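This report refers to the structure that appears directly beneath it.
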Amino acid sequence: MATQSSRIAARLMVAPSVILLFVWMIVPLALTLWYSFRIYRLLSPERSGWAGFQHYAWFLNSPDFWLAISNTLLLVGGVLAITVILGILVALLIDQPVWGQGPLRILVISPFFVMPPVAASIWENLFMHPQNGMFASFAQGLGFQPILFLESYPMSSVIFIVSWEWLPFAALIFLTALQSLSSEQMEAAEMDGAGAMSRFRYIVMPHMTRSITVVILIQTIFLLGIFGEIYTTTQGGPGSASTTLPYMIFKQAVIAKDIGRAAAGGIIAVILANIVAFFLMRSMGKNLDA
Amino acid sequence: MARTVTPRRKLYFTLAAWTVALLIFFPVFWTILTSFKTEVSAVASPPQLFTADWTLENYAEVWSRSDYPRFFWNSVVISVGSTLLGLLIAIPAAWSMAFVPGNRTKDLLMWMLSTKMMPAAAVLIPMYLIFQKTGLFDTRIGLVLALMLMNLPVIVWMLYTYFKEIPGEILEAARMDGASLRNEIIYVLTPMAIPGIASTMLLNIILAWNEAFWTITLTTVDAAPLSAFIASFSAPQGLFYAKLSAASTMAIAPILILGWFSQKQLVRGLTFGAVK
């Protein structure tokens, strides 16, 4: 079907997307790289010139930076672990013969449609608030001191909130995968005397590999850039306890107004994302081949 | 699975599944419920599931105090606009990738997806400055462009996986029956492509509606959508839970309803065709 001319036409049709994405990626990246070596502070604009590697050195020597890196990885890893494990369990449960599977799916997917600042503010105020939150009421009702979630356990609280937002996505993708599992295969295994555990281990899990890949890949893309939830709830605090790399850059740019330094942070974030992307794409790329 | 199940077993699983689903849904339900309470019953301890003093006061209050229609309209324009523009650019690309694939098509798709891995915060400053210099800052057209580009890889991917499922033979059959290219597009391809385009559109409207980084950092007043409206809601001082809940409900209701109606297509689309 593909003649020479139709192939050229095809390339022309792809070109706008590729060019736009390339420009969208390369222009900000080049500018960020440029600023990362410049002295550029909005609060003292009279000082300018080359900064060399001093911004990078500042990041690498800042204890907050390593905290931010570990917080970023903790957030991505924590949410992935929670959503994949709970997602599989929820999917297995809904996939059982139950009444009202349709309404169940609608209930379960709902958190996915709640925008991050709203999700964060619901949890922060209605549930985790130390005076008026529902958790505090329960704690007091049982005679305990209310837990200061966002002050005492800021990272765990943020991970919890983000997991709530992404669990539906994971669960429903796993459910879609489970429903395409052939029932003959399961029955055959059952007749051969395979117990529930070994059916899960040898039939269900291998069948799920692909969907787990998809969930990890897509969630990582979105989780590396998590911002709204932290901005709304902890503002990266207390201190820097829940500052992730994106939030640290945001603080340097918007609060400290040090453009050069923030740009260096940006370049570091891009390198980190590339390392993560490299491993992800390499291990998952072949799983995605249709 | 079509195995024989005892009613008792089915009952247990139903109870368990509904309990889990209601737990997951509960925060949304509680927010909507709280939005109809008075401020006093909203913070009652122990929490009251049902109160005697239902009210619409909070909605009236949020409506009159903030410029909700402007935020709402900005959200609509930005999410729908960026999606339509994205489709316009992505449809030809996905179409040709699916029907005239080259050796590098898979790599190209992977590369597109990888551009989404660049953390937005990393390029915040240049984007901010570019937007300031070009006059796009705090304009709807600026956000339409930004969100379109942000979601373009997802749009191309989703369309690609849908288009790939359209069998090439059907085109040949139509051609053998003497259909012109124009008729082929109108009567054969379009009807087969529309479901895929529709669910791609829905998903991207949802992603754009819920986007909260560029919408907060690249706007101040004029173009600020609902995500900025919620983020700017003042800190929890005094009695304001019911109003916060009303504002939250107003921010999420349109997309929640849209999502409920289309959840099946959405989930399928989001798997990028890798899970069937």
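Note that the structure is a prediction, hence the values are computed from the model and not measured. Chain letters run A, B, ... following the sequence lines, proteins first, then strands; residues in each count from 1.
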Between A/Val254, A/Ile267, A/Leu20, A/Leu29, who has the most heavy-atom pairs with chain B when the cutoff is under 4.5 Å? A/Leu20
Is A/Tyr35 reaching over with its side chain to a backbone N or O of B/Pro126, donor-acceptor style, under 3.5 angstrom? no
Would you compute the distance between atom OG of A/Ser121 and atom CG of B/Leu244 and round it to the nearest 0.5 angstrom? 4.0 Å
Below 4.5 Å from any heavy atom of chain A, which atoms of B/Leu145 appear? Answer side chain, backbone, both or neither. neither
Residue selection (most heavy-atom pairs with chain B, distance under 4.5 Å) from A/Phe22, A/Phe250, A/Phe138: A/Phe22
What residue in A/Val118, A/Leu167, A/Leu31, A/Asn274 has the most heavy-atom pairs under 4.5 Å with chain B? A/Val118
What closest approach, in Å, do B/Ser96 and A/Met13 show between heavy atoms, and which atom pair accounts for it? OG-CB, 3.9 Å
Checking heavy atoms, do the side chain of B/Ala253, its backbone, both or neither come under 4.5 Å from chain A? neither
Take A/Trp24 and B/Leu152, measure what side chain to side chain contact (heavy atoms under 4.5 Å, CB included) needs, and give me the verdict at the end. CA-CA 11 Å; A/Trp24 164 252; B/Leu152 191 60; over 6 Å; no
B/Tyr241 to A/Gly133 - nearest heavy-atom pair and separation: OH-N, 4.4 Å
Interface moiety of A/Tyr247 toward chain B, non-hydrogen atoms closer than 4.5 Å: neither
When every non-hydrogen atom of B/Ala90 is compared with those of A/Ser17, the smallest separation belongs to CA-OG, 4.2 Å
Any idea which of B/Ala16, B/Ala21, B/Pro101, B/Pro92 has the most non-hydrogen atom pairs under 4.5 angstrom with chain A? B/Pro92
Answer key: most heavy-atom pairs under 4.5 Å with chain A among B/Ala212, B/Pro27, B/Ala146 is B/Pro27
Could you have a look at B/Thr217, B/Leu149, B/Ile255 and say which one has the most heavy-atom pairs with chain A under 4.5 angstrom? B/Leu149
Is there a side chain to side chain contact (heavy atoms under 4.5 Å, CB included) between B/Val156 and A/Leu21? Walk through the geometry before answering. CA-CA 11 Å; B/Val156 173; A/Leu21 275 177; 5.9 Å; no
Does B/Ile24 offer a backbone N or O that forms a donor-acceptor pair with the side chain of A/Trp164 under 3.5 Å? yes
Counting only heavy atoms closer than 4.5 Å, note whether A/Val90 contacts chain B via side chain, backbone, both or neither. side chain
Spell out, as yes or no, whether a donor-acceptor pair under 3.5 Å connects the side chain of B/Thr14 to the backbone of A/Trp99. yes
Option that, when pairs with chain A are counted at under 4.5 Å, heavy atom only, ranks first among B/Trp111, B/Phe26, B/Tyr12, B/Trp95: B/Trp111
Residues B/Ile206, A/Phe113; criterion side chain to side chain contact (heavy atoms under 4.5 Å, CB included); working and verdict: CA-CA 7 Å; B/Ile206 292 172; A/Phe113 301 135; 3.7 Å; yes
How far apart are the C-alpha atoms of A/Val18 and B/Met112, what are their side-chain angles, what is the distance that settles it, and do they pass the side chain to side chain contact (heavy atoms under 4.5 Å, CB included) test? CA-CA 8 Å; A/Val18 173; B/Met112 286 188 172; 3.8 Å; yes
Sort A/Leu172 into side chain, backbone, both or neither according to what part of it lies under 4.5 angstrom from a heavy atom of chain B. both
In terms of heavy-atom proximity below 4.5 Å to chain A, should B/Leu256 be classed as side chain, backbone, both, or neither? both
Highest number of heavy-atom pairs under 4.5 Å with chain B: which of A/Leu89, A/Val114, A/Ile226? A/Val114
One option among A/Ile109, A/Ile122, A/Val27, A/Leu126 has the most heavy-atom pairs under 4.5 Å with chain B, and it is A/Leu126
When every non-hydrogen atom of B/Thr115 is compared with those of A/Met25, the smallest separation belongs to CG2-SD, 3.6 Å
Does any heavy atom of chain B fall under 4.5 Å from the side chain of A/Trp34, the backbone, both, or neither of them? neither
Looking only at non-hydrogen atoms, find the nearest pair between A/Met115 and B/Ile252 and report the distance. N-CG2, 4.0 Å
A side-chain contact here means heavy atoms from C-beta on lying under 4.5 Å apart; do A/Leu107 and B/Trp18 qualify? yes
Heavy-atom proximity to chain B below 4.5 Å, by part of A/Tyr40: side chain
Under a 4.5 Å cutoff for heavy-atom pairs, which residue among B/Leu108, B/Thr31, B/Val20 has the most contacts with chain A? B/Thr31
Quick check on the interface: out of A/Ile249, A/Val108, A/Ile106, who has the most heavy-atom pairs with chain B under 4.5 Å? A/Ile106
If I compare all heavy atoms of B/Met127 with all of A/Pro28, which pair ends up nearest, and what's the gap? SD-CG, 3.7 Å
